[in-house]
Amino acid sequence: MSQRSHPTIHRLTISIILLVVALNAGASVVLAEDGCPTSSDEISTDRPDVTNSSRVVPYGSLQMENGVDWTARQGSNVISGTGTRLRLGVAQCTEVLADVPAYFYSLNGRASSGFSDFVVSVKRELPVPFGFHLSATSGLGFPTGSNKISSHGYDPYIQFPWSRQISDNWSLHGMFTVTWFTSQHINNPTFEPTLSLEREFGPTHDLFVEYVGDYPNHARPSQVLDAGGSWQVTRLEQVDFHVGFGLNSSSPDHFLGIGYSFRLDGLFGGSLGNSS
């Protein structure tokens, strides 16, 4: 990386640190009517849709979300896994999360094989009225991945997932993300809006349909439609699936994936386990 890019990285990193401090500096506030999650609540994951949950994990809980995906794009087929996200509740309404590098294995075509970058973030649930849930996430990607997979830069991002129950069984979810790629200036900033409609089928099953767009500043956008569902095997375990296809030539042709997530409670006191 050139010496000229260092001040930009420093400014972006400082901005992320200030945002994290601001999100965690406030005193206890009243959030939505049901407040922030506790260990008595059921598991709520960032899977299987792209839109992340607007809720954080409970204080003292560790949640592990995993998945394997198959993606077809321009004549190449790639298997990736395990797509692991670790989420730790470090304070009331606040979590630290880490995206562990996934391995991409090219089955054919021109796609490359290798590991993705490592990303660490902080997420804080925010006070909002009118039955909405909103959280703010700030994070930084580290160029730990393989040469042909990594972005080769320290990439900060900010993200705002939200949700709103619109009836007993229907809910609307969305997310807006802004990412700066410090070694790919032509893409800066890249905006990612998502919108997901979810339907619950009883207390343990749900299905969703979702739109995801990636809009680099000076490049052709990628747009996909995604659909899938999840099943809570126990109160603290979930299995899921999703399938989707691209809407333009710069998007994947089609993709599918499956996943398994679980939560461990009581890491900072009390019982530890994933009992149902």
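Since this is a predicted model, take the numbers as computed values, not measurements. Start at 1 with the first residue, then count along the sequence.
- For F201, the CZ atom counts as densely surrounded, since its 6.0 Å shell holds more than 12 non-hydrogen atoms of other residues, nucleotides or ligands.
- Annotation: side chain of E192 is in contact with side chain of V50 (closest heavy-atom distance under 4.5 Å).
- Between F241 atom CZ and S230 atom OG the span is 9.0 Å, to the nearest 0.5 Å.
- Considering only heavy atoms from C-beta on, E125 comes within 4.5 Å of P37 through its side chain.
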As a quick check of understanding, evaluate side chain to side chain contact (heavy atoms under 4.5 Å, CB included) for N52 and T137, giving each step before the final call. CA-CA 10 Å; N52 291 333; T137 308; over 6 Å; no

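- Closest approach of S116 to F104, counting heavy atoms only: CB-CE1, 3.8 Å.
- Atom CD1 of I258 is surrounded by 12 or fewer heavy atoms from other residues, nucleotides or ligands within 6.0 Å.
- In this pair, F191 and F176 present their aromatic rings parallel. The plane angle is below 30°, not in the 30 to 60° band.
- To the nearest 0.5 Å, the span separating CE on M175 from CG on L195 amounts to 11.5 Å.
- Considering only heavy atoms from C-beta on, V120 comes within 4.5 Å of F142 through its side chain.
- Under the 4.5 Å side-chain heavy-atom criterion for ILVMFWY residues, a single connected hydrophobic cluster contains both W70 and V243.
- Expressed to the nearest 0.5 Å, how far CG of D206 lies from OG of S171 amounts to 8.0 Å.
- With hydrogens and angles ignored, the 3.5 Å screen pairs a side-chain donor or acceptor of S113 with a backbone N or O of S106.
- Each of Q223, R220, Q74 was evaluated against S250; a single residue qualifies, R220, per the side-chain contact (heavy atoms from CB on, under 4.5 Å) test.
- Between F181 atom CZ and D155 atom CG the span is 5.5 Å, to the nearest 0.5 Å.
- With hydrophobic clusters built from ILVMFWY side chains whose heavy atoms lie under 4.5 angstrom apart, L197 shares a cluster with L134.
- With H152 contributing its side chain and N147 its backbone, the two residues share a donor-acceptor pair below 3.5 Å.
- In this structure a side-chain-to-backbone donor-acceptor pair under 3.5 Å is present from T144 to F118.
- Side chain of D117 to backbone of G145: a donor-acceptor contact under 3.5 angstrom is found.
- Residues F132 and V128 come closest through the heavy atom pair O-CG2, 2.9 Å.
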Given T177 and Q159, is the side-chain hydrogen bond (donor to acceptor under 3.5 Å, both in side chains) satisfied, shown in steps? CA-CA 4 Å; T177 307; Q159 184 180 85; 3.0 Å; yes

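- Side-chain contact of N217 with H185: a donor-acceptor pair under 3.5 Å is absent, judged by distance alone.
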Could you go through M64 and T84, starting from their C-alpha distance and side-chain angles, then the distance that decides it, and tell me whether this counts as side chain to side chain contact (heavy atoms under 4.5 Å, CB included)? CA-CA 7 Å; M64 181 177 292; T84 297; 4.0 Å; yes

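- Looking at every heavy atom in both residues, S183 comes nearest to G153 through OG-CA, 3.5 Å.
- The shortest distance between side-chain heavy atoms of C36 and Y59 does not fall below 4.5 Å.
- With hydrogens and angles left out, the side-chain atoms of S261 and E65 include no donor and acceptor closer than 3.5 Å.
- By the rule that hydrophobic residues join a cluster once side-chain heavy atoms approach within less than 4.5 Å of another member, W170 and L172 end up as members of one cluster.
- Looking at Q63, its side chain never comes within 3.5 Å of a backbone N or O of V57 through a donor-acceptor pair.
- A donor-acceptor contact shorter than 3.5 Å links the side chain of S76 to the backbone of A111.
- When every heavy atom of F268 is checked against every heavy atom of L88, the shortest pair comes out as CZ-CD1, 4.1 Å.
- For V56 against T94, the heavy-atom pair with the smallest separation is CG2-N, 4.1 Å.
- Between S251 and S222 the shortest heavy-atom distance is OG-OG, 3.3 Å.
- Rounded to the nearest 0.5 angstrom, T194 OG1 and H173 NE2 are separated by 10.5 Å.
- Electrostatic pairing of R87 and D46 counts as a salt bridge here, judged by a charged N lying under 4.0 Å from a carboxylate O.
- Between the side chains of T45 and Q238, at least one donor-acceptor pair of N or O atoms lies under 3.5 Å.
- Aromatic ring orientation, H205 versus W231: parallel (interplanar angle below 30°, classes split at 30° and 60°).
- No donor-acceptor pair under 3.5 Å is formed between the side chain of D226 and the backbone N or O of E210.
- Although no hydrogens or angles enter the test, the distance criterion places a donor-acceptor pair under 3.5 Å between the side chain of N108 and the main chain of N77.
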Please determine whether side chain to side chain contact (heavy atoms under 4.5 Å, CB included) holds for the pair F255 and R73, giving the CA-CA distance in whole Å, both sets of side-chain angles, and the decisive distance to 0.1 Å. CA-CA 9 Å; F255 53 89; R73 183 170 189 164; over 6 Å; no

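- Between the CZ atom in R263 and the CZ atom in R235 there is a gap of 6.0 Å [rounded to 0.5 Å].
- At a threshold of 4.5 Å between side-chain heavy atoms, the hydrophobic network of Ile, Leu, Val, Met, Phe, Trp and Tyr places I149 and Y103 in two separate groups.
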Could you give me the CA-CA distance, side-chain angles and deciding distance for S44 and S53, then say whether side-chain hydrogen bond (donor to acceptor under 3.5 Å, both in side chains) is met? CA-CA 7 Å; S44 176; S53 173; 3.1 Å; yes

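- For the side-chain contact (heavy atoms from CB on, under 4.5 Å) with P216, the lone residue among N187, T179, I186 that qualifies is N187.
- Cluster annotation: L247 and V224 are assigned to distinct hydrophobic clusters (Ile/Leu/Val/Met/Phe/Trp/Tyr, side-chain heavy-atom contacts under 4.5 Å, transitive).
- A donor-acceptor contact shorter than 3.5 Å links the side chain of Q165 to the backbone of S167.
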Please lay out, stage by stage, how C93 and R124 fare under the test side chain to side chain contact (heavy atoms under 4.5 Å, CB included). CA-CA 6 Å; C93 305; R124 172 77 176 181; 3.9 Å; yes

